[in-house]
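Reviewing the structure listed below.
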Amino acid sequence: MEISADFEGGNIEVVAIDPGGEDRDSARLRIRKDGRADFFQWFCFKAAGRPGAHWSFAIENAGASSYPRGWEGYDVVASTEGPGGSPDAWVRVPSSYADGRLSWSFAAAGGEAWFAYFAPYSPARNQALVAHTAESPLVRHEVLGRTLEGRPLDLLSVGQGPKPVWVIARQHPGETMASWCVEGLLERLLDPQDAVSRALLQRATLHLVPLMNPDGAAAGHIRSNAAGTDLNRAWRNATPEASPEVWFVRERMKATGVSLFLDVHGDEALPYVFVVDADNVPSVTPEMVERRQRFVSVLEQTDPDFQTRHGYPPSPTANLDIGSKWAAEAFGCLSMTLEQPFKDCANSPLPALGWSPGRCKRLGAACLTAMLAAL
Ligand code: ZN
């Protein structure tokens, strides 16, 4: 068996490949740290060998990763088509976590397969999404600036309505479910036969940054950019040197104003879709709370994968370094972090797929109904 991670979003190191005879190879692996930070959790690699081989894999440093609880009840995703193939080709492979090692087996009928923490979404796929979306007459595309490694930070603005709505995704580059969610949101938003989208675009202009951390996404990071910065801890004191991605977006948000801010993420440990509210910011108003309640109750009815029973425990004080807290305080707007699982929804399980690109996309589309209600 040969293993490679030398592609956009790839991340794995091979400790050893032990030939077991009769094409029963087993690979001992480690996840690389984010380049300039100590985070690690994301992995994505290709394995190739003889058709019909039986492979086994063990990630030996899983227990030392940033979120070791993420491996409990978690199943690896695999595809025989790879990152450029169909999103629906990513299926779950039963996996086990014990003694700090994540392990699984795979029957490689065709002799090659890709394995990842979640269905990957590369900067190249994001560029294709941006180019395709920008063809719509409803859309204005701008490059807000360049990342530390020179990649474009794309902004898509849709519609002409008076209320500015901001949606950003992938501050944490390993949370690829955020990109799938935004892809589903955009597809529905640009559907001229969708009455919710048309009504929303009469009331609002949507500003979308579908990939906030292209350098981290290219390098296969879980959490940081090329400078080692966790962007979602950089909002209060963003700088062009350490967090240019946040700097550019924050400046533009100040120029447009913000009526609604949605920051799309994934959570390693919790098997639920949920929002983190900003009810604990110093300047919260009853109107902000009421609009958030309307958003979540409509989203819960529109997409039952989303739920409100499970989430982070409430905190008395807000960390204004976090994007959604900073935006709530700066603009007095409805502002939320949307969290999706790496595992499955325990309230609505689908074990063969777990949380999947298709479910992410439907959640993104459903968010438009909730936004319309909240505006
Ligand atoms: Zn995140």
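In this chain, residues are counted from 1 in sequence order.
- Taking OG from Ser197 and CG from Leu185, the interatomic distance works out to 8.0 Å, rounded to the nearest 0.5 Å.
- Side-chain atoms of Lys343 never come within 3.5 Å of backbone atoms of Leu270 as a donor-acceptor pair (strictly under, hydrogens ignored).
- Cluster partners of Met288 are Val281, Val284, Val289, Leu320, counting Ile, Leu, Val, Met, Phe, Trp and Tyr whose side-chain heavy atoms approach within less than 4.5 Å, directly or via other members.
- Counting only residues at least two apart or on different chains, the salt bridge (Lys or Arg N to Asp or Glu O under 4.0 Å) pairs with a member in residues 309-329 are Arg236-Asp321.
- Summarising the geometry, atom CD belonging to Gln171 is positioned 8.5 Å from atom CG belonging to Asn213; distances are rounded to the nearest 0.5 Å.
- Residues in residues 350-364 take part in these side chain to side chain donor-acceptor pair (under 3.5 Å) pairs, two or more places apart or across chains: Glu183-Lys361, Glu187-Lys361, Asp305-Arg359, Gln340-Trp355, Asp344-Arg359.
- Once rounded to the nearest 0.5 Å, the distance linking CD of Gln160 with CG of Leu201 reads 9.5 Å.
- Using a 4.5 Å cut-off on side-chain heavy atoms (C-beta onward), Thr256 and His207 make contact.
- Side-chain atoms of Gln307 come within 3.5 Å of backbone N or O of Val273 as a donor-acceptor pair.
- Taking the six-membered ring where tryptophan is involved, the planes of Tyr312 and Phe274 are perpendicular, since the angle between them exceeds 60° and thus also 30°.
- Judged by distance alone, with hydrogens and angles left aside, the side-chain atoms of Trp55 form no donor-acceptor pair with the main-chain N or O of Met1 at under 3.5 Å.
- Distance check: Asp279 CG to Ser335 OG gives 10.5 Å after rounding to the nearest 0.5 Å.
- Every salt bridge (charged side-chain N to carboxylate O under 4.0 Å, His left out) that Arg252 has, sequence neighbours left out, goes to Glu142.
- Residues Asn11 and Tyr117 bring no donor and acceptor atom of their side chains to less than 3.5 Å of each other.
- Note that CD1 of Ile3 is 12.0 Å distant from CD of Glu13, once rounded to the nearest 0.5 Å.
- A salt bridge is absent between Arg30 and Glu60; no separation between the charged side-chain nitrogens and carboxylate oxygens falls under 4.0 Å.
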List the atom pairs, donor and acceptor, that lie under 3.5 Å between side-chain atoms in residues 214-228 and the rest of the protein, sequence neighbours left out.
{"from": "Asp215", "atom 1": "OD1", "to": "Thr147", "atom 2": "OG1", "distance (Å)": "2.8"}
{"from": "Asp215", "atom 1": "OD1", "to": "Arg151", "atom 2": "NH1", "distance (Å)": "2.9"}
{"from": "Asp215", "atom 1": "OD2", "to": "Thr147", "atom 2": "OG1", "distance (Å)": "3.1"}
{"from": "Asp215", "atom 1": "OD2", "to": "Leu148", "atom 2": "N", "distance (Å)": "3.4"}
{"from": "Asp215", "atom 1": "OD2", "to": "Glu149", "atom 2": "N", "distance (Å)": "3.1"}
{"from": "His221", "atom 1": "ND1", "to": "Ser224", "atom 2": "O", "distance (Å)": "3.0"}
{"from": "His221", "atom 1": "NE2", "to": "Gly35", "atom 2": "N", "distance (Å)": "2.9"}
{"from": "Arg223", "atom 1": "NE", "to": "Tyr67", "atom 2": "OH", "distance (Å)": "3.3"}
{"from": "Arg223", "atom 1": "NE", "to": "Asp230", "atom 2": "OD2", "distance (Å)": "2.7"}
{"from": "Arg223", "atom 1": "NH1", "to": "Tyr67", "atom 2": "OH", "distance (Å)": "2.8"}
{"from": "Arg223", "atom 1": "NH2", "to": "Asp230", "atom 2": "OD2", "distance (Å)": "3.1"}
{"from": "Ser224", "atom 1": "OG", "to": "Asp34", "atom 2": "OD2", "distance (Å)": "3.0"}
{"from": "Asn225", "atom 1": "OD1", "to": "Ala227", "atom 2": "N", "distance (Å)": "2.9"}
{"from": "Asn225", "atom 1": "OD1", "to": "Gly228", "atom 2": "N", "distance (Å)": "3.2"}
{"from": "Asn225", "atom 1": "OD1", "to": "Thr229", "atom 2": "N", "distance (Å)": "2.9"}
{"from": "Asn225", "atom 1": "ND2", "to": "Ala242", "atom 2": "O", "distance (Å)": "3.0"}
{"from": "Asn225", "atom 1": "ND2", "to": "Glu245", "atom 2": "OE1", "distance (Å)": "3.2"}

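- A side chain to side chain donor-acceptor pair (under 3.5 Å) check over residues 72-84, counting only residues at least two apart or in different chains, returns nothing.
- In terms of the salt bridge (charged side-chain N to carboxylate O under 4.0 Å, His left out) criterion, residue partners of Arg50 (sequence neighbours excluded) are, by chain and number, Asp23.
- Among residues two or more places apart in sequence or in another chain, the salt bridge (charged side-chain N to carboxylate O under 4.0 Å, His left out) test is passed with Asp194 by Arg188.
- Nearest heavy-atom pair across Tyr121 and Ser179 is CG-CB, 3.3 Å.
- A donor-acceptor pair is defined here as one N or O able to donate and one able to accept, closer than 3.5 Å; such a pair exists between the side chain of Trp180 and the backbone of Ala119.
- For Gln41 against Gly70, the heavy-atom pair with the smallest separation is NE2-CA, 4.3 Å.
- Formation of a donor-acceptor pair under 3.5 Å by the Arg92 side chain with backbone atoms of Leu353 is found in this model.
- Between the side chain of Ser65 and the backbone N or O of Ala62 there is at least one donor-acceptor pair closer than 3.5 Å.
- For the pair Thr337 (side chain) and Ser324 (backbone), a donor-acceptor distance under 3.5 Å is absent.
- The CG atom of Leu262 lies 7.5 Å from the SG atom of Cys181; values are rounded to the nearest 0.5 Å.
- Shortest non-hydrogen contact noted between Glu8 and Ser122 is OE1-CB, 3.8 Å.
- With sequence neighbours excluded, the residues satisfying side-chain contact (heavy atoms from CB on, under 4.5 Å) with Leu375 are Lys163, Val165, Leu200, Ala204, Ser259, Leu260, Arg291.
- Counting only heavy atoms from C-beta outward, the side chains of Arg170 and Val182 never approach each other to under 4.5 Å.
- Considering only residues two or more places apart in sequence or on other chains, Glu290 meets the salt bridge (charged side-chain N to carboxylate O under 4.0 Å, His left out) condition with Arg294.
- Through direct or relayed side-chain contacts under 4.5 Å between Ile, Leu, Val, Met, Phe, Trp and Tyr, Phe331 connects to Leu144, Leu153, Leu155, Trp166, Ile168, Val209, Met212, Leu231, Trp235, Val246, Trp247, Phe248, Val249, Met253, Val258, Phe261, Trp326.
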List the atom pairs, with distances to 0.1 Å, where a side-chain N or O of residues 105-116 and a protein N or O form a donor-acceptor pair under 3.5 Å, not counting sequence neighbours.
{"from": "Glu112", "atom 1": "OE1", "to": "Lys46", "atom 2": "NZ", "distance (Å)": "3.3"}

